[in-house]
Structure formats: structure tokens, C-alpha cells
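Step one of this worksheet: look at the structure below.
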Protein chains: 2
Amino acid sequence: MALSTTAPKAFIQQQNLVEQVADYLTQAIIQQHFLPGERLSEVQLSRDLGVSRAPVREAARLLESRGLLISKPRRGFFVRALNAVELEDVFDLRLCLERHAIQRLAECYTPEAKRALEQQVDVLCKAAAANDGTRRIEEDLQFHRLMLHYAGNERLLRAFDDLTHELRLCITLITKTHEAPETIATSHFQLLEALSSGSPDACREAIDYHIGIARDFVVKGVGETGEHADEDLFSR
Amino acid sequence: MALSTTAPKAFIQQQNLVEQVADYLTQAIIQQHFLPGERLSEVQLSRDLGVSRAPVREAARLLESRGLLISKPRRGFFVRALNAVELEDVFDLRLCLERHAIQRLAECYTPEAKRALEQQVDVLCKAAAANDGTRRIEEDLQFHRLMLHYAGNERLLRAFDDLTHELRLCITLITKTHEAPETIATSHFQLLEALSSGSPDACREAIDYHIGIARDFVVKGVGETGEHADEDLFSR
DNA sequence: CGATTGCCGACTGTCGACAGTTTTAACGCT
DNA sequence: AGCGTTAAAACTGTCGACAGTCGGCAATCG
């Protein structure tokens, strides 16, 4: 995964500057080194990272297409801030994609897929037990990504990956509140059971419940902690 | 690469060079001035358009995120070529998004939405009757975009817009074969009726049928005319 | 005659610089 | 002291240039 962390200065050296800058920015945004709505200065960034502005700009465009940044012409790039409505929309789209995926997957549920998913749930549970917050989130997302992967539609997977960036954005902001490890375990086992049953309805019910839980968690978190419901990025 | 349009040079002038270049490239790709798999030279493009390479590169990145171009490191940008599997995936994702959208829309089907959709069908039918191929496609897409819009999920709409670029890519490639105007009309009226009925199942059935038609048309078109099923973009 | 290796051209990745615009800050006026 | 005006600073958009790299061609060797 990402070998990011402390050093903000000049740890970029070799190749694919654009991708490296993009990774750096992504990590920095998720870890809230840049606050939502904050303006990013190209010169500042290029100075800090020891690269020129061209790769920074291209990386910023990439992040914009992923919904992490927003560009205002002649004004620069700003860190995306999600309000309550947008947050609902993200989870609604996630539901849309995963419903479709799990039903497609149920149609072609190979032993290989079954094994991979079970193993991933195992990994996830261990991360949850270890109380490692960020890793728990990543392993959780990875489980769902695997579902999408084995559903056999590359384009669907890409749409999910696009959405994932925004998901990370809102999840990480909030989840100081930890879900109970046993809740996570049972919640995912239900999905596996539904898949094994092969019933589309059971799958749909399971995924609806599962994502509903996650959404409520995030929405509740927003209500409790920080409030981004005000107008943050209306101008587009 | 012959620039077909009248003024190949310096018809780009003032502001937002990136967006203008992106539009130009999009049009050129859709109208097949660049063939699938063709390599785009940055210097050539910047020379032809009378701009420097920086905006060209940024525009290319944008098109890449929209799935119209593919970048191979150190090799440049190539026009996306869709094989049969990817084409199936695109329509499967479209089905996924529109199913969700039409059911959400059925829950909140305002008179305003109804009126707008009916009017758009009207426009569409006129375009079909006038035998204007490209405009028919655009109006058709616009109808579906309106559906997504009134479904009330901005993020869902964005996902659809992202997909639309690829849809245009494969639709335009193929639709020399015209659908009969009356088929188009009835096909869309069915959607309106299902929406008015308010029944989720009716909506789902209608959209499944509708998109199935479109998909079969494209798949059949691929089988008849050009065949892109060979390995075109396996790398990466 | 075919395969290999070295060379040449073209192109991408990246950089520093310039011009126009936006934001900030100081300044003068009331 | 408050407010409008203006000048300076900072920043974005764009450009041309340089270096490293990749692909193709040709000359050489087996």
C-alpha cells in the first residue's frame, strides 16, 4: 500500500511523478492534513514536494476526477467538502452498485470467489480485533472490492473504485467511533450466506441491510461530530 | 492525421484551453477522425491546435478519466478501443444505474419531472423522424440523463455522465443502422407509463427491456460491421 | 540469409519563466 | 475611525526548452 506518512518534503525521486504526487495528496487529504474546503497552492505544493508545477497540476486534475478536489477556474484547487446530501448520495450510489454486483455474483459464485471472500472476511475480522482503525476500513473496502471483482464486470468495478475515493473521504473523517468487531463479523457473514444461498432476493436484502448499517454509522457520525451540512461547494 | 474541419489551426483562442482541447478531442474521437487504438502525438496536436503541450496533456488526462483515452507510460495516449466484453460491461453498468434511478424516480415522480420527460420524448421523436442520426442519439441520451437528474442523486448522475462518454464511443461507432422511429417512440413511452404507474417492478421491467434493446442493437452492430473483439488494450 | 547490436530520430516527462488575473494590503479621503 | 481606492504580491494559465527514454532502422556478425 501507500508508503506515505511523515516526510512531506522531497521523498519523491524516481518515476511517475504525477502518480506519486496524486498518492501523496490523497493520503494527505484523507488524513486531514488538508482540511475540507482548504485551498491548495500549486507553487506551495511543488515547492514542498520538490517538483515542478506541471506534475502537480496533472495530479490535481486526477484527484478532481476522483472527486477529492474541486477546481475553480482562475482560483485553484480546493479540497472537496461533502455536505449531508452528497453523503447520502454517495451511499445511495454505493447501494446501487453493490446490489447489482452481489446479484451478478450470486449467478456465478465459484468456489474460488467463495474462498477469497471468506479469507478476506477473516483478515478483516483480525484487523477489527486488533483495533486498527484505518486498516479495518481498508480491509472492509477490500472485501467489497473483491465482491465487485468477482462479479465479473470490469466497468462496474471501476465505478466502485471511483466511488471508493469519496467513501474514504467521508468514512475516515468520521470513524473515530468504532464499530464492534462482532458486529462487523456477523454483518459480513450474512453476505456470504446470502451468496451461498444463491437467492437474488436474499442477496439484495443482505446488502441493503449491510450498507444501511454503514450509512447510518456515517450519517450519525456527521450529526455528532463535525457538521459539513452548510454550503461548502455550491459554486462549481 | 488530416484535420477534417474547416479551420484546423488556431480556432482555439481565449480561455479554458484545457476544456476546449478536451471538447475538440472528444468530438474528433466520436466522429472517428482518430481511429480506435491510434496513438496521439502531443506535439502534433499542440502544433495543429496552436497551443502548447501542457493544456493538451491535461486535456488528455481528462479524457483518460472519462475512458476515451488510455495512457501508456512513456508511450503516450491512445484512443480507447472497446472489445466485446467491455461493451457488455458498459451496458450492464448502464442497466445497473438506470434501474436504480428509475425506481428512485418512481418514488418522487413530480408533475414537473413528468412534463420534462414527456417533452424530451417529443423532441427525441422529432429528431428520429428527421432522420438526424447524431442528434437522435444525443436526444436519447438526454432523455435518460433527465431521468437520472430527476431521480435526485447528483452522484448517481455523475456516474451516468462518466459512462455516457463511453456509451457515445460505442454507439456512434456502430449506429449506421437506424432504429425505426416508431420503435423509439413506443420504447420510451413504455418508460413513462411505468413511471406513472408508480410500480417499482413495472419500472424495472420497462428499463430492462429498454436497455436490452439498445444493447442488442449495439452488439449486433459490432457483429455485423467492425470487429474490435481482438485484444486491443490488454496491457494495463 | 537471418539474427543481433548499435545508432538515430521522435517523443514523453519535467522544468523554469512570462503574462494576466485575483487577492491582499496599504493608503488616502471623508 | 470607517470606507473606498489603488498598488503590490501571489497565484494560475500557458509557453518553450531540455533531458531521458523508446522504437525503428541499418550495419555487422554468425
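Small disclaimer: the values here were computed from a predicted structure and weren't measured. Residue numbers start from 1 in every chain, and the chains themselves are labelled A, B, ... in the order their sequence lines are given, proteins ahead of strands.
- Thr164(A) meets the side chain to side chain contact (heavy atoms under 4.5 Å, CB included) test with Leu141(A), Phe160(A), Asp161(A), Arg168(A); sequence neighbours excluded.
- Between the side chain of Asn16(B) and the main chain of Val18(B), no donor-acceptor pair closer than 3.5 Å is present.
- Using modelled atom types, one finds no donor on one side chain facing an acceptor on the other under 3.5 Å when comparing Gln142(B) with Gln120(B).
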I'd like a list of close polar pairs between nucleotides 5-11 of chain C and the protein, N/O only, cut-off under 3.5 Å.
none

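- For the residue pair Asp92(B)/His100(A), the side-chain donor-acceptor check at 3.5 Å is satisfied.
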Start with the C-alpha distance between Glu166(A) and Arg158(B), add both sets of side-chain angles, then the distance that settles salt bridge (Lys or Arg N to Asp or Glu O under 4.0 Å), and finish with yes or no. CA-CA 13 Å; Glu166(A) 285 165 75; Arg158(B) 188 154 80 85; 2.7 Å; yes

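- If you take CG of Asn16(A) and P of dT14(C), they are 7 Å apart, rounded to a whole angstrom.
- With hydrogens and angles ignored, the 3.5 Å screen pairs no side-chain donor or acceptor of Asp89(A) with any backbone N or O of Asn153(B).
- Annotation for Glu38(A): atom CD counts as buried by contact number, over 12 foreign heavy atoms lying within 6.0 Å.
- Rounded to an integer number of Å, the gap from Glu19(A) CD to dG13(C) P is 11 Å.
- Two residues are said to be in side-chain contact when any heavy atoms from C-beta on lie closer than 4.5 Å; Val51(A) and Leu45(A) fail this criterion.
- Contact annotation: Ser52(A) reaches the phosphate of dC15(C) (side-chain N/O to OP1 or OP2, under 4.0 Å).
- If you measure from atom CG of Leu49(A) to atom C1' of dG13(C), you get 17 Å, rounded to the nearest angstrom.
- Rounding to whole angstrom units, CZ of residue Phe77(A) and C1' of dA10(D) are separated by 17 Å.
- With rounding to whole Å, Glu64(A) atom CD is found 14 Å from dT12(D) atom P.
- Heavy atoms of other residues, nucleotides or ligands lying less than 6.0 angstrom from CD of Glu154(A) number 12 at most.
- In this structure, Glu58(A) atom CD and dT12(C) atom C1' are separated by 10 Å, rounded to whole Å.
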What are the atom names and distances for every N/O pair under 3.5 Å that joins the protein to nucleotides 18-21 of chain D?
none

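- With rounding to whole Å, Leu17(B) atom CG is found 14 Å from dG20(C) atom P.
- Whole-Å rounding puts the Gln20(B) CD to dG13(D) P distance at 14 Å.
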